[in-house]
Amino acid sequence: MVPPLQPDQIAPGVAEICAKLRDAGFRGWVVGGCVRDLLMGRPVSDWDVCTTARPRQVCKLFSKVVPTGIQHGTVTVLWKGEAYEVTTLRGEGTYTDGRRPDEVFYVDEIEQDLARRDFTVNAIAYDPIEDALADPFGGLDDLRAGVIRAVGVPAERFAEDGLRILRGARFVATLGFELDPATEAAFAGALDTFAKVSHERVREEWVKTMKARRPSLAFEVMRRTGILGRSCPLLAALTEHAVGERTAWDISLGALDASRPPPMERLAALFHGVGRPRAPERAYAAVSADLLAGWLRDYRFSNLERNTIMHLVRHHRLDPEMDDVGLRRFLRDAGKARAHAVLRVARAVAIGEGRDPAPFDSFKVRLEAALLSNVPASVRELAVDGRDVQQAGAKGRQVGEILRTLLDEVVEAPERNDRTFLLRRIEALLAAPRP
Ligand code: ATP
Ligand code: MG
């Protein structure tokens with residue numbers, strides 16, 4: 001049974017904002033995701049307030065206000081060191097582009113504002129001063145039943161904003177709910193509208209999906225409703241590719257759910273095998289990483305995010321039973337800073353493949369011992385540097401090549417990381433005829 005809300009569950013700062021609005025003759029409600037999360041007994045990440053006051057009136061009432069989205073009726077109120085979004089009740093204008101309403105207009109009734117929201121569980125508002133819940137679309141019943149249902153006629157709502165179908169898939173995973181069948185049935189007709197949605201908004205939903213305990217639930221919905229085929233053909237192709245008894249798709253979803261919370265690690269686990277249909281088992285990781293570059297750029301992942309995902313994917317195919325030389329080569333290639341993350345992705349992929357993850361835990365112990373003993377894994381850690389190589393007579397690109405050769409030799413035998421020894425090696429390398 002979902003417990004009803006109590007005024008003291010509302011963050012004090014938010015309740016004070018609602019009280020101040022009330023004292024000035026307006027009304028204020030908490031609304032949307034925060035009300036849903038409170039009713040589910042989950043922690044609230046951000047509080048959204050809606051009000052009958054117009055943006056200009058909100059600005060007058062509070063001393064510190066930032067007009068963050070004033071053209072949509074939203075201002076950010078800074079209150080006792082916290083920032084809260086306060087939005088004037090609004091209806092939604094007509095959509096001609098399936099992306100954003102052509103115009104925004106204000107309304108006076110909370111029910112009208114709730115009517116423009118996407119799903120019934122997101123269309124509940126609570127007035128903490130009156131201790132009154134506004135739930136005109138049966139959101140509380142759907143919360144209790146664990147159902148994601150569009151507000152109003154699904155096809156119409158999805159035609160207004162194509163992102164809603166992806167949000168529906170996301171909520172299946174983050175809330176652990178089922179899609180109402182009539183709501184899901186309308187997804188197919190909304191795919192063309194979905195295809196027009198900006199990639200930034202799609203990216204944001206993908207990243208938010210990674211917060212679910214089992215993000216695969218969303219990706220299963222995306223696969224069966226066609227969202228995946230429209231937004232990521234690379235992943236959609238995996239459903240057709242057999243790996244032993246399973247498909248590369250099943251392995252990816254298993255890896256995704258087994259991966260750890262940082263979103264970029266989860267995405268790496270999900271994407272690890274996109275190269276599988278195009279490359280043999282021993283070579284697919286690098287192919288996957290290269291294939292991803294374009295998609296990640298297209299979907300507006302930052303350079304850091306893109307590099308992180310590609311790096312984790314490129315190096316994840318490791319044999320946890322490798323010998324010590326192999327371990328040091330792994331540290332050189334994966335980098336000390338990212339070795340643990342690569343290992344976590346590798347372990348998640350092994351679980352996705354139905355393999356025993358225990359060898360990865362033993363490998364982790366060995367990895368930590370190697371890190372503690374400061375084994376050299378980059379040219380910066382060599383007992384000589386570029387100046388030494390230059391002083392011996394090397395020029396231009398040759399300097400880097402010699403350092404990398406020395407590193408490779410030191411990785412094979414760490415006792416060679418001795419300054420006198422390496423200085424002599426530099427002389428010998430320079431004297432040797434170049435290939
Ligand atoms: P989360 O907790 O993951 O942030 P949320 O429900 O709070 O989920 P937000 O994107 O923060 O999602 O949106 C806040 C509220 O605004 C939603 O609960 C919903 O009422 C409304 N909303 C957001 N996006 C849309 C949309 N595309 N169409 C209709 N209503 C939306
Ligand atoms: Mg939110």
Side-chain angles (χ1 to χ4, degrees), residues 251 255 258-260 262 264-265 268-269 272-273 275-276 279-289 307-386 388-389 399-429 432 435:
I251 294 173
S259 65
R260 304 267 301 131
M264 297 310 132
E265 277 183 48
H272 78 274
R276 277 185 147 125
E281 191 62 14
R282 59 184 163 70
Y284 80 78
V287 175
S288 296
N307 289 339
T308 303
I309 294 172
M310 287 171 65
H311 186 84
L312 297 176
V313 168
R314 189 176 303 281
H315 296 290
H316 82 273
R317 199 76 230 178
L318 62 94
D319 170 10
E321 264 135 28
M322 67 177 81
D323 62 14
D324 287 342
V325 178
L327 192 154
R328 292 193 296 270
R329 286 185 195 138
F330 168 71
L331 279 178
R332 175 196 58 196
D333 298 342
K336 284 184 174 176
R338 298 198 273 197
H340 275 290
V342 172
L343 176 58
R344 288 193 292 267
V345 172
R347 184 181 187 279
V349 170
I351 293 173
E353 289 174 344
R355 290 189 282 137
D356 177 12
F360 291 88
D361 302 327
S362 319
F363 182 77
K364 179 167 178 247
V365 175
R366 291 173 58 211
L367 177 71
E368 268 154 16
L371 289 171
L372 276 175
S373 72
N374 278 326
V375 291
S378 67
V379 291
R380 270 174 288 118
E381 294 167 281
L382 289 173
V384 290
D385 61 19
D388 296 316
V389 184
V399 177
E401 283 165 17
I402 289 185
L403 286 172
R404 276 190 296 278
T405 304
L406 295 179
L407 176 64
D408 292 345
E409 294 177 3
V410 164
V411 162
E412 301 304 309
E415 66 277 6
R416 290 182 195 154
N417 196 23
D418 168 89
R419 190 167 165 77
T420 317
F421 178 85
L422 290 182
L423 287 172
R424 257 187 283 138
R425 269 306 286 151
I426 296 170
E427 304 281 345
L429 286 168

Let me confirm one number: the [atom1]-[atom2] distance from [X] to [Y], rounded to the nearest 0.5 Å.
| X | Y | atom1 | atom2 | value |
| --- | --- | --- | --- | --- |
| T420 | R425 | OG1 | CZ | 15.0 Å |
| R314 | N307 | CZ | CG | 10.0 Å |
| L367 | S362 | CG | OG | 12.0 Å |
| E368 | L371 | CD | CG | 7.5 Å |

Please tell me if the side chains of [X] and [Y] come closer than 4.5 Å, counting only heavy atoms from C-beta onward.
| X | Y | answer |
| --- | --- | --- |
| V410 | L422 | yes |
| R317 | V349 | yes |
| V375 | L327 | no |

*Where the side chain of R419 meets the backbone of A383, is there a donor-acceptor pair that is under 3.5 Å apart?*
yes
Residue pair [X] / [Y]: nearest heavy atoms and the distance that separates them:
| X | Y | result |
| --- | --- | --- |
| A268 | L312 | CB-CB, 3.7 Å |
| V313 | A289 | CG1-N, 3.7 Å |
| L407 | V379 | CD2-N, 3.8 Å |
| G273 | S288 | C-OG, 3.6 Å |
| P359 | D356 | CD-O, 3.2 Å |
| P376 | N417 | CG-ND2, 3.4 Å |

Quick one: do [X] and [Y] make a salt bridge, cutoff under 4.0 Å?
| X | Y | answer |
| --- | --- | --- |
| K336 | E381 | yes |
| R328 | E409 | no |
| D408 | R329 | no |
| R380 | D385 | no |

(message) Can you pull out every ring pair (Phe, Tyr, Trp, His ring centres under 6.0 Å) where at least one residue sits in residues 358-381? Sequence neighbours excluded, please.
(response)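 Output for this query lists F330-F363.
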Show every ring pair (Phe, Tyr, Trp, His ring centres under 6.0 Å) that has at least one partner inside residues 403-427, sequence neighbours left out.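 For residues 403-427: none.
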Test side-chain contact (heavy atoms from CB on, under 4.5 Å) on V389 and L429; report intermediate values, then the result.
CA-CA 10 Å; V389 184; L429 286 168; over 6 Å; no
For this session: Please test R347 against D361 for side-chain contact (heavy atoms from CB on, under 4.5 Å), starting from the C-alpha separation and ending with a verdict.
Result: CA-CA 8 Å; R347 184 181 187 279; D361 302 327; 2.9 Å; yes
### side-chain contact (heavy atoms from CB on, under 4.5 Å) evaluation trace for E427 with L423
CA-CA 7 Å; E427 304 281 345; L423 287 172; 5.9 Å; no
Which of parallel (below 30°), tilted (30 to 60°) and perpendicular (above 60°) describes H316 and H272?
perpendicular
If you count the non-hydrogen atoms of other residues, nucleotides and ligands that lie under 6.0 Å from CZ in R366, is the total more than 12?
yes
